Amino acid sequence: MADPKGFLNHGREVAESRPVDERVKDFKEVYVPGSLLPIISKQASRCMDCGIPFCHNGCPLGNLIPEWNDYAYREDWSAASERLHATNNFPEFTGRLCPAPCESACVLGINQPPVTIKNVEVSIIDKAWDTGDVRPQIPERLSGKTVAVIGSGPAGLAAAQQLTRAGHTVAVFERADRVGGLLRYGIPEFKMEKRHINRRIEQMRAEGTRFRTGVEIGHDIKAGDLKKRYDAVVLAVGATTARDLPVPGRELKGVYQAMEYLPLSNKVQEGDYVTSPISAEGKHVVVIGGGDTGADCVGTAHRQGAASVTQLEIMPRPGDERDAVRQPWPTFPMLYKVTSAHEEGGERVYSVNTTHFEGDEDGNVQWLHLVEVEFVDGKLTPKPGTERKIPAQLVTLAMGFTGTDRANGMVDQFGLELDPRGNIARDADFQTNVPGVFVAGDAGRGQSLIVWAIAEGRSAAKGVDRFLTGASELPAPIRPTDRALLV
């Protein structure tokens with residue numbers, strides 16, 4: 001293990017953030033560059049190398065956390081990078097974006113603040129890029145088999161990289177103009193700068209993966225034609241059908257889905273626009289939905305110069321600490337989380353439901369009407385006399401996603417079966433009811449975390465490899481039926 005007394009000698013320290021008044025003026029990552037390396041060896045030493053490291057169970061990738069913690073403690077960055085990449089294709093993504101269920105399952109977390117696993121992870125991979133330890137892994141021989149991967153989010157990229165390294169010829173199709181899926185256009189720059197995606201794509205291109213952007217399967221290329229051209233197909237198209245809010249006034253101008261609002265801000269950072277066509281500048285902004293996507297909208301609105309930002313959540317405010325009875329260790333607890341966006345200002349309102357929107361004579365939203373709710377007989381019920389309205393000149397709906405996109409015809413053209421929740425059904429090898437067509441990520445699992453998407457992509461790649469060659473040595477960290485460690 002690292003330092004047998006590390007967890008006794010050192011408390012938990014995390015990455016230093018830039019001052020709020022500085023970072024809201026730009027879209028750069030919120031953390032101070034280089035602030036982790038001076039403290040990360042001590043933080044890694046807090047890992048106890050438990051007899052049964054429950055962090056492995058918390059992480060669907062099965063990351064070898066005690067091993068790379070030990071190498072980081074000893075500052076053997078090359079060995080740490082090798083152990084990190086043994087289970088994770090893109091640790092710079094998860095190290096910045098994953099909510100770290102591994103930390104919730106850390107044994108030290110039973111009675112102390114857990115190890116800063118995410119911070120150690122991102123320190124290792126950033127150091128690996130700086131020292132040149134991240135290099136293309138070109139296959140020794142080609143199999144002669146071809147695979148089409150539809151979607152370039154984390155699941156699609158992981159599947160594509162694994163299959164390319166196995167010797168198959170892989171083409172990734174992306175309907176957007178750039179590669180990355182929700183990593184590119186759903187995650188704001190202040191959470192992850194897109195240079196991290198760009199250099200991974202260059203690595204994958206050097207390995208032999210091909211990318212075709214601006215191509216929508218089902219619309220630009222029919223599903224049947226694609227299937228004829230490739231020996232196998234991996235569907236990693238995500239669960240992009242957003243949950244809507246069918247209340248009076250939904251049609252007013254200024255009410256948008258989060259994924260209509262956020263990508264435009266990212267396109268500004270890419271240089272496509274000078275300013276976003278949907279901007280919060282000078283407006284009273286209301287974000288409906290208390291999750292990570294909602295927080296992304298909050299942080300983006302701050303940077304665009306909103307007059308005020310209010311985030312609404314229909315559920316009660318979570319607790320500050322783990323409930324040992326209802327959310328026992330090592331499950332992932334639902335706690336009150338203050339993200340970097342929340343540190344920057346705004347109001348968070350819990351236990352409220354939107355009843356309708358009110359607009360001006362030109363059809364622009366001006367007010368949001370809400371009512372407080374409470375649980376009565378297990379159902380959320382409005383509280384009489386609590387109705388009120390708040391100013392709302394820009395409203396973003398960040399209430400999650402309900403399933404994969406059906407509008408382009410891809411699902412029907414392939415003839416795919418869906419499960420009761422509207423996800424694409426698959427068997428134990430991640431194969432759909434159509435032979436040779438596999439599904440990975442949110443399209444088959446439903447809305448989930450980036451770490452699950454990468455695990456799905458790696459596991460589906462094994463199923464594809466076995467389908468093409470009869471056997472496979474690729475790792476499969478999860479089964480399609482596996483679920484997060486929740487109560």
Side-chain angles (χ1 to χ4, degrees), residues 89-90 93 145-164 168-187 194 197-242 257 259-260 262-264 266-267 270-273 401 403-416 423-424 430-432 434 436-444 453-454 456-457 460-461 464 468:
N89 297 72
F90 314 118
F93 301 166
K145 301 293 185 179
T146 57
V147 182
V149 175
I150 307 175
S152 65
L157 292 179
Q161 186 167 64
Q162 292 294 95
L163 290 167
T164 297
H168 308 304
T169 300
V170 180
V172 178
F173 293 85
E174 170 56 55
R175 63 182 177 181
D177 59 348
R178 293 180 177 89
V179 175
L182 287 182
L183 292 172
R184 175 74 63 180
Y185 286 134
I187 303 296
K194 300 307 174 272
I197 303 175
N198 296 338
R199 61 187 180 186
R200 268 302 171 188
I201 298 306
E202 291 309 308
Q203 180 203 32
M204 292 179 66
R205 282 198 172 105
E207 292 172 347
T209 304
R210 304 170 185 177
F211 294 92
R212 294 188 60 187
T213 57
V215 179
E216 186 169 15
I217 306 304
H219 182 267
D220 300 308
I221 298 177
K222 299 301 181 184
D225 295 335
L226 188 80
K227 192 173 185 304
K228 291 177 183 177
R229 289 165 52 183
Y230 291 88
D231 297 310
V233 176
V234 179
L235 308 178
V237 294
T240 57
T241 301
Q257 288 288 353
M259 288 310 298
E260 294 176 299
L262 292 173
L264 294 174
N266 283 359
K267 283 179 173 288
E270 297 280 5
D272 297 347
Y273 299 109
F401 303 88
T404 194
D405 186 5
R406 299 287 299 275
N408 58 19
M410 184 200 72
V411 169
D412 295 327
Q413 290 174 24
F414 272 119
L416 300 172
N423 304 315
I424 301 174
F430 293 81
Q431 189 167 202
T432 70
V434 181
V437 179
F438 296 76
V439 63
D442 290 1
I454 296 174
E456 287 248 344
V464 175
L468 295 175

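Just so you know, these numbers come straight off a predicted model, no measurement behind them. Values reported hereafter were calculated over all heavy atoms of this structure, with side chains retained and with hydrogens, waters and symmetry mates removed.
Within the 3.5 Å criterion, the main-chain N or O of G441 finds a donor-acceptor partner in the side chain of E456. For the pair T241 (side chain) and G403 (backbone), a donor-acceptor distance under 3.5 Å is present. In terms of modelled atom types and a separation under 3.5 Å, the side chain of N266 and the main chain of I187 share a donor-acceptor contact. The closest donor-acceptor contact from the side chain of D177 to the backbone of G214 lies at 3.5 Å or more, if one exists at all. In terms of modelled atom types and a separation under 3.5 Å, the side chain of T404 and the main chain of G238 share a donor-acceptor contact.
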Give the C-alpha distance, both sets of side-chain angles, the deciding distance and a yes or no for side-chain contact (heavy atoms from CB on, under 4.5 Å) between Q413 and N408.
CA-CA 9 Å; Q413 290 174 24; N408 58 19; over 6 Å; no
Please assess D405 against R175 for the test side-chain contact (heavy atoms from CB on, under 4.5 Å), listing each intermediate value before the final yes or no.
CA-CA 12 Å; D405 186 5; R175 63 182 177 181; 2.9 Å; yes
I would like to know whether T240 and M259 meet side-chain contact (heavy atoms from CB on, under 4.5 Å); could you show each step before the answer?
CA-CA 9 Å; T240 57; M259 288 310 298; over 6 Å; no
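The closest side-chain heavy-atom distance from F93 to L183 is below 4.5 Å. The closest side-chain heavy-atom distance from V147 to V234 is below 4.5 Å. Side-chain contact between R229 and I221: present, with at least one pair of heavy atoms (C-beta onward) separated by less than 4.5 Å.
Of all the heavy atoms in E174 and S152, the pair that sits closest is OE1-OG, 2.6 Å. Summarising the geometry of V172 relative to G151, their closest heavy-atom pair is CG1-O, 3.8 Å, with the distance given to 0.1 Å. Minimum heavy-atom separation, V439 to G444: CG2-N, 3.8 Å.
The distance from the NZ atom of K145 to the CG atom of L163 is 13.5 Å, given to the nearest 0.5 Å.
Checked against salt bridge (Lys or Arg N to Asp or Glu O under 4.0 Å), E270 has the following partners two or more places apart in sequence or in another chain: R178, R184.
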